[in-house]
Amino acid sequence: MELRQIQTFVAATQTKSFTKAAEYLGYSQSAVTVQIRLLEHELNTKLFDRMGKGIELTAQGRQFLDYANTIIREMNRAKHFMRLESELHAPLHIGTLESLCFSKLPQILFYFREHHPKVAVQITTATPKELIEMMENNRLDLIYILDRPRYSDRWNKVMEIEEPIVFVASAGSDLAQRRQITLHQLLDRPFFLTERNENYRRELDNFLESKDIEITPFLEISNTEFIIKMIERDRGISYLPRFAVQDSVDEGRLSILDVPEFQKSLYRQIFYHTNKWKTPEVEEFIRLAGQE
């Protein structure tokens, strides 16, 4: 006994016609007739009385209809259950940086909220070193960082995208009008920088040290968004990932400064531990991050 035979039987009882049942199901009339005949043969009973061009259920047919409706109802419930089970629902704990959190994650999180509302997402921000330690201690499902290319046989790297780091000033600053600027011309300006010894701040400090140059920032803070707001108000200059300032540049609030002697890029990278199972939720996050 096949499910399609039962579905054909129910359609025939509803339409009271093999011809109309065939139209409803997209079958030929002969296919409907064959399926009903096979079903009657397997049940060893007659299900329909042919009354001219119409059909009527026999007593056995009316009895079997209850079973047929139960079978179809339970099958639909099973399909619905499997669809629910296939929906993403496991929690997802992501470790990332402040700059990536406010620049790259909002669109990903909006997508999860709209398409995978059962996934509870938790975000932890910290330095790359701290995030790696948390990943290795199984406290995070994956980490999303900006740094030099990193490698370890304990990690699976699933994304690496180059990102330029740039000097920025307010669009109203006199610096924004200059075609090329030397580092020495920047040194008398107040710097708003992220904390020392981490990713792009570390790269800047290492370069300045190689030139015997030292700067004392007016402010050091991990919150990249706060730095951008201060620079937009013409409070000084900063050194930040282009992706973090691109919206402000596009909207005319910030300008990227042309400093030819120091051009640097880091890499957006996603890792998860080799001992960690890559869940469908992790796979979906990785797919979306690669589109940002």
Side-chain angles (χ1 to χ4, degrees), residues 94 96-114 123-128 144-147 159 161-208 213 215-269 288-292:
I94 302 159
T96 191
L97 309 182
E98 286 271 359
S99 57
L100 288 168
C101 186
F102 93 86
S103 298
K104 294 295 184 180
L105 261 60
Q107 288 303 316
I108 297 176
L109 297 180
F110 291 154
Y111 185 93
F112 262 89
R113 182 68 187 91
E114 181 176 358
I123 306 293
T124 295
T125 59
T127 66
Y144 187 16
I145 65 173
L146 180 74
D147 210 338
M159 190 186 85
I161 299 175
E162 184 177 7
E163 296 286 357
I165 315 300
V166 296
F167 291 96
V168 290
S170 166
S173 168
D174 63 299
L175 293 172
Q177 313 307 318
R178 302 186 190 182
R179 296 184 66 90
Q180 290 190 341
I181 304 171
T182 67
L183 276 173
H184 283 282
Q185 291 173 321
L186 300 179
L187 296 182
D188 62 342
R189 306 295 176 113
F191 271 83
F192 290 73
L193 296 175
T194 52
E195 295 168 332
R196 188 179 296 274
N197 296 327
E198 292 301 337
N199 50 56
Y200 43 91
R201 171 66 190 280
R202 179 192 60 224
E203 300 298 325
L204 176 61
D205 287 341
N206 288 345
F207 179 79
L208 294 175
I213 301 172
I215 60 172
T216 301
F218 172 77
L219 177 71
E220 293 178 292
I221 185 172
S222 63
N223 191 314
T224 311
E225 189 172 11
F226 178 81
I227 293 175
I228 291 173
K229 294 299 182 186
M230 294 300 291
I231 304 303
E232 287 177 348
R233 297 175 184 178
D234 202 10
R235 296 296 191 264
I237 61 175
S238 191
Y239 182 65
L240 296 168
R242 179 189 284 270
F243 66 74
V245 301
Q246 192 63 58
D247 285 348
S248 295
V249 171
D250 292 343
E251 294 167 8
R253 299 193 301 272
L254 289 181
S255 288
I256 294 173
L257 305 180
D258 183 11
V259 186
E261 64 188 293
F262 186 54
Q263 305 285 329
K264 185 68 180 179
S265 290
L266 293 178
Y267 294 82
R268 281 192 289 136
Q269 299 161 83
L288 295 169
Q291 298 175 358
E292 284 291 309

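- Under the 4.0 Å criterion applied to side-chain N and carboxylate O atoms, E162 and R268 are not assigned as salt-bridge partners.
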So K264 and L204, side-chain contact (heavy atoms from CB on, under 4.5 Å) or not? Walk me through it.
CA-CA 9 Å; K264 185 68 180 179; L204 176 61; over 6 Å; no
Are D174 and R189 close enough, and set up right, to give a salt bridge (charged side-chain N to carboxylate O under 4.0 Å, His left out), and what steps lead you there?
CA-CA 11 Å; D174 63 299; R189 306 295 176 113; 2.9 Å; yes
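- Side-chain contact, E220 with T194: no donor N or O sits under 3.5 Å from an acceptor N or O.
- Of the inter-residue distances, the one linking M159 atom CE with I145 atom CD1 reads 10.0 Å to the nearest 0.5 angstrom.
- Under a 3.5 Å cut-off, the side chain of S173 and the backbone N or O of A169 do not form any donor-acceptor pair.
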Could you go through the side-chain contact (heavy atoms from CB on, under 4.5 Å) check for L187 and H184 one step at a time?
CA-CA 5 Å; L187 296 182; H184 283 282; 3.8 Å; yes
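- The backbone N or O of V259 sits less than 3.5 Å from a side-chain atom of Q263, completing a donor-acceptor pair.
- Here the CG-CD1 distance, from L254 to I237, works out to 12.0 Å after rounding to the nearest 0.5 Å.
- Scanning both residues, A244 and T224, for their nearest heavy atoms gives CB-CG2, 4.3 Å.
- Within the 4.5 Å cutoff, the side chain of R201 has heavy atoms near those of the P217 side chain.
- Contact of the V249 side chain with the R242 side chain is not registered, since no non-hydrogen atoms from C-beta on lie closer than 4.5 Å.
- You'll find the side chain of I221 stays beyond 4.5 Å of the side chain of E195, heavy atoms only.
- The minimum heavy-atom distance between S255 and A171, with the atom names listed, is OG-CA, 3.5 Å.
- The distance from atom OH of Y200 to atom OG of S265, rounded to the nearest 0.5 Å, is 14.0 Å.
- Listed by chain and residue number, nothing satisfies the salt bridge (charged side-chain N to carboxylate O under 4.0 Å, His left out) test with E98 (two or more places apart in sequence, or in another chain).
- Atoms CG and CD, on L100 and Q269 in that order, are 10.5 Å from each other to the nearest 0.5 Å.
- Rounded to the nearest 0.5 angstrom, I231 CD1 and F191 CZ are separated by 9.5 Å.
- Annotation: the span from Q180 atom CD to E261 atom CD amounts to 10.0 Å, rounded to 0.5 Å.
- More than 12 heavy atoms of other shown residues, nucleotides or ligands fall within 6.0 angstrom of atom CZ in R178.
- Looking at heavy atoms from C-beta onward, I228 lies in side-chain contact with S248 at the 4.5 angstrom threshold.
- R253 places no side-chain N or O within 3.5 Å of a backbone atom of E251 that could act as its donor or acceptor partner.
- Between the side chains of E203 and N199, not a single donor N or O lies within less than 3.5 Å of an accepting N or O.
- A donor-acceptor contact shorter than 3.5 Å is absent between the side chain of Q177 and the backbone of L175.
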Go through it in stages, so that I can follow the logic: the residues are I94 and T124, the test is side-chain contact (heavy atoms from CB on, under 4.5 Å), and I'd like the CA-CA distance, side-chain angles, deciding distance and then a yes or no.
CA-CA 6 Å; I94 302 159; T124 295; over 6 Å; no
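- Minimum heavy-atom separation, A289 to I108: CA-CD1, 3.7 Å.
- Residue A176 comes nearest to S170 through the heavy atom pair CB-O, 3.7 Å, listed as atom of the first residue, atom of the second, then distance.
- Using a 4.5 Å cut-off on side-chain heavy atoms (C-beta onward), I215 and L193 make contact.
- Nearest heavy atom pair, residue L97 against residue A126, reads CD2-O, 3.2 Å.
- Sorted by first and then second residue, the ring-ring contact (aromatic ring centres under 6.0 Å, His included) pairs with a member in residues 215-250 read F167-Y239, F192-F218, Y239-F262; sequence neighbours excluded.
- Residues L288 and F112 form a side-chain contact, since some pair of their non-hydrogen atoms from C-beta on lies under 4.5 Å apart.
- Annotation: side chain of L105 is in contact with side chain of Y144 (closest heavy-atom distance under 4.5 Å).
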Under the side-chain contact (heavy atoms from CB on, under 4.5 Å) rule, what do L186 and L257 come out as? Steps first, then yes or no, please.
CA-CA 10 Å; L186 300 179; L257 305 180; 4.1 Å; yes
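- Looking at heavy atoms from C-beta onward, V166 lies out of side-chain contact with L240 at the 4.5 angstrom threshold.
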